[in-house]
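We name chains A, B, ... by the order of the sequence lines, and we start the count at 1 in each one.
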Amino acid sequence: MKLEDILNKYFGYSAFRPGQREVIEKVLDGKDVIALLPTGMGKSLCYQLPGYIFDKPVLIVSPLLSLMQDQVDQMKQFKEKRVVALNSFLNPMQKRASIQNLHDYRFIFISPEMLLQEQVQQKLNSMELSLIVVDEAHCISQWGFDFRPDYLRIGQVLGKPNRPPIMALSATATQKVLGDIEAYLNMDSPYKFIHSVDRPNIHLGKMLFQGREEKIEWILDHVTKTAGPGIIYTQSRLKTESLSQRLLQSGVTTAAYHGGMDPLDRQFIQQQFIDGSLDWIVATNAFGMGVHKQNVRQVIHESLPSNMANYMQEIGRAGRDGEDSLAILLYAEGDEELAKFVGIDDYPVDAHVDSYISYRSRNELPTSMIHNGEISETAFRVLDYWMNQLQPADVKQRLSSMKYEKMRAVEEVMDLIETNTCMREQLVHYFGQTLENRPEDCCQCCGLQYENIIRVREIIDAPSKELNWKRRIEQLLIGFS
DNA sequence: CGGTGAAGCCATAAGGCTTCACCGGTGCGTTATT
């Protein structure tokens, strides 16, 4: 059967989107693949279709529980029953049963942490996989080094002899991220499908201010006068709350979103943003992955993103429908200091290395460092990873060079602020590509006028929009209680 | 590191000034405790 026939039979499409066919063919040939495909261009099809050709299960490593759940739900809607998400949502009994029957599933979603568990390893070693997929593979680079070190171990546990091909998927990756993906997944000269990172319909703005309050004033003014939907990225949880409060007072339908919130609230707010009952979201960088919304018109950075990869990822959430959109980077003097501080704040230091060694020499578990309040859980995991990889002196060396890298990454974002050359050109160049065409109203340095891109709200626009059904029901319920 | 805001200081009182404490992201899994 031809690939197109399979595509039609299982997915109902008549033609592949750019990149899909190449990527699938390589994998069927047994080759490793890194595919950078724009969001919404059918990344998941790249592993789902091979799943129907191969006889053996496809293993998909995924960074977020919510992401796994979405994908599983979606596949079940399409009548695929042989799909499972192996994660902490399962109770111990379900978990045991799932592991036991793992070989019977067609698609297995799993977190890196779960993947590394002994019992899972044992089972995986006893069975054959047809394909290993690492979804949102930039997480290896983005999170592996200082946050979720298990991301760096994926390659170690999956890289057995006679392993199936590995497919790494992402929307954007810098040269460095690409290198990290290839290295840490132990890939074998992978085929790379890389689309242009440029998104001509996203117009790039920047605004420089003296003080931080002025940025807020500008946002309040700008957001009340222009059309959403939009995302405002800021650095701290508190600020998401305070800024969204002020926007609410100005009549903007908005909500805060950050990692400290109740998961159900987060889900609810995300859903409201997607279905249009919220115009704006004020969020930390917790917001974004797995948010499939086509018509985001604006992305505003109230504070500096911590590196270019994040910046690209975050502005990339605008204009997925291809319509003109605006990404505005705000800067006030000294912002880079905060970005640097936050970047290296929760990070092991030399004293932690020494302490770790002394625990070991006393035959005590280094994990006690956490319970004794010496170190955060996150920093400990990072420390523990490197202590198991390198000699202590090298660990210190490594930690300091990683800190330096983080500060340098902030400086690279500062280049966007400080230089007066085309922002698009800088961005694209940073990703190791060259810019083919410059769109009209390209960026701040090419004479961008915001009002050419974003509809200015008419004064007649009532501040409170028509209530949708969800809100109506909520109000009814409040009325009765 | 740096911004912010509350408290303390002065002493005609009031408001202006200094000092100082506080705060600052991303998620998995597991488990002890309300």
Nearest-Å distance, [atom1] ([X]) to [atom2] ([N])?
X        : N      : atom1 : atom2 : result
A:Arg381 : B:dT26 : CZ    : P     : 15 Å
A:Ile370 : B:dC28 : CD1   : P     : 18 Å
A:Phe341 : B:dG2  : CZ    : P     : 11 Å

Base-pairing mate for [N] - Watson-Crick or G-U, with both contacts under 3.5 Å:
N      : answer
B:dC9  : B:dG16
B:dT31 : none
B:dC23 : B:dG2

Check your understanding: Taking the inter-plane angle between the rings of A:Trp143 and A:Phe147 on a 0 to 90° scale, is it parallel (under 30°), tilted (30 to 60°) or perpendicular (over 60°)?
Key ->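 Perpendicular.
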Point to revise | Sole residue of A:Lys293, A:Arg297, A:Arg199 in salt bridge (Lys or Arg N to Asp or Glu O under 4.0 Å) with A:Asp321 | key: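 Between A:Asp321 and the candidates, salt bridge (Lys or Arg N to Asp or Glu O under 4.0 Å) is satisfied uniquely by A:Arg297.
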Under 4.0 Å, heavy atoms only, any strand: does [X] hit a base, just the sugar-phosphate, or nothing?
X        : result
A:Pro112 : nothing
A:Gln142 : nothing
A:Gly211 : nothing

Check: [X]/[Y] side-chain N/O donor and acceptor closer than 3.5 Å:
X        : Y        : answer
A:Tyr359 : A:Asn372 : yes
A:Glu113 : A:Tyr151 : no
A:Tyr331 : A:Glu336 : yes

Check your understanding: Should A:Ser111 be listed as having a side-chain N or O under 4.0 Å from OP1 or OP2 of B:dG29?
Key ->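 Answer yes for this pair, as a side-chain N or O of A:Ser111 is under 4.0 Å from OP1 or OP2.
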Counting heavy atoms from C-beta on, name the nucleotide in [options] closest to the side chain of [X].
X        : options                : answer
A:Val342 : B:dG2, B:dG29, B:dG25  : B:dG25
A:Glu377 : B:dC1, B:dT26, B:dG29  : B:dG29
A:Ala286 : B:dC28, B:dG24, B:dT26 : B:dT26
A:Glu337 : B:dC28, B:dG25, B:dG2  : B:dG2
A:Lys95  : B:dG27, B:dG25, B:dT30 : B:dT30
A:Leu65  : B:dT30, B:dC28, B:dG27 : B:dC28
A:Asn285 : B:dG24, B:dG25, B:dC28 : B:dG25
A:Glu113 : B:dC23, B:dG29, B:dG25 : B:dG29

Check your understanding: What distance, rounded to whole Å, do you find between the two C1' atoms, one in B:dA32 and one in B:dT26?
Key ->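 It works out to 26 Å between them.
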Check your understanding: Expressed as a whole number of Å, how far does the P atom of B:dA11 sit from that of B:dA7?
Key ->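 The same atom, P, in both gives a distance of 22 Å.
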Review point. Within the stacking criterion (centroid distance below 5.5 Å, interplanar angle below 30°), does A:Trp143 stack on B:dT26?
Key: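 Here A:Trp143 fails the 5.5 Å or the 30° condition.
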Review point. Which pair of heavy atoms, one from A:Lys396 and one from A:Asp350, lies closest together, and at what distance?
Key: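 Closest pair (atom of A:Lys396, atom of A:Asp350, distance): CG-OD1, 3.4 Å.
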